[in-house]
2 protein chains.
Amino acid sequence: MGDVFKALADPTRRAILDELQERNGQTLFELCTRLISQHGSTSSRQAVSQHLGVLEDAGLVRTRREGRYKFHDLDTTPLRTITDRWQLPTG
Amino acid sequence: MGDVFKALADPTRRAILDELQERNGQTLFELCTRLISQHGSTSSRQAVSQHLGVLEDAGLVRTRREGRYKFHDLDTTPLRTITDRWQLPTG
DNA sequence: TTGTCAGGCAAGTGCTCACTTGCCTATGGT
DNA sequence: ACCATAGGCAAGTGAGCACTTGCCTGACAA
């Protein structure tokens, strides 16, 4: 599993996580259009696709294929590595 | 306040936070020697100094000056922006 | 089969970032 | 005064990363 911290370092990837939290299980094209219309993003399809690859490597996004569609689901469990590491006062 | 996510993206900066958690209020030179001896780091003084600047901008490290010494203290409150953003199941 | 749609792969480009290098300021000891 | 210590500033370098460009694969509809 790749680097969770590095995956979170990019604002576009954080916007993707925001989007998936609002509406889980989106395809690449859904994400592209909604990122532009709701998050003011200017990223191309290829750019978003590469970001999704990074997020998937980090374990923050899980994917499932159905026919020619690929759905993306948010998984926040890797974020625990951050909070567990520096012992947040329980919030 | 700078980017907390970007500050966490670098492994050396995460080691610095680890080191400050073990022993708070260290000076730059203390951190340098302990990073090498206890974390296998190879970073120079200037490198660590720049990392501390990034961490301070992100609000993860607070500093206080006394004479020619500058002490560094860990502050984990900015990490809440991460957990609050994607609603972790309370752990 | 032909055409379209969803997505993937890979090389190239430009910018950011970590780190070095070299010099400078300031505090404290003798 | 002198020197060592603790730290800072700024330009330059090299590697990594986000993004583009162009082409390719696979699934569905007609």
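Here is the naming used below: chain letters follow the sequence lines, and residue numbers restart at 1 for every chain.
- Under a 3.5 Å cut-off, the side chain of B:T76 and the backbone N or O of B:L79 do not form any donor-acceptor pair.
- With hydrogens and angles disregarded, a donor-acceptor distance shorter than 3.5 Å links the side chain of A:S37 to the backbone of A:T33.
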Under 3.5 Å, which protein N or O atoms sit close to an N or O of nucleotides 12-15 of chain D? Give each pair with its distance.
none

Quick one: what's the B/S/- string for nucleotides 19-30 of chain C, heavy-atom cutoff under 4.0 Å, read 5' to 3'?
BBB-----BS--

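- Note: CG (B:L52) to P (D:dC9) measures 13 Å, nearest angstrom.
- Distance CD (A:E56) to C1' (C:dC9): 15 Å, rounded to an integer number of Å.
- With hydrogens and angles disregarded, a donor-acceptor distance shorter than 3.5 Å links the side chain of B:S44 to the backbone of B:A47.
- With B:R13 contributing its side chain and B:K6 its backbone, the two residues share a donor-acceptor pair below 3.5 Å.
- Side chain of A:N24 to backbone of A:L74: a donor-acceptor contact under 3.5 angstrom is found.
- In this structure, A:D3 atom CG and D:dG16 atom P are separated by 14 Å, rounded to whole Å.
- Between D:dG26 and A:K70, no contact under 4.0 Å exists linking OP1 or OP2 to a side-chain N or O.
- Checking B:R14, B:Q26, B:H72 one by one against B:E19, the side chain to side chain donor-acceptor pair (under 3.5 Å) holds for a single residue, B:Q26.
- Between B:S49 and D:dG8, a side-chain N or O to OP1/OP2 separation shorter than 4.0 Å is present.
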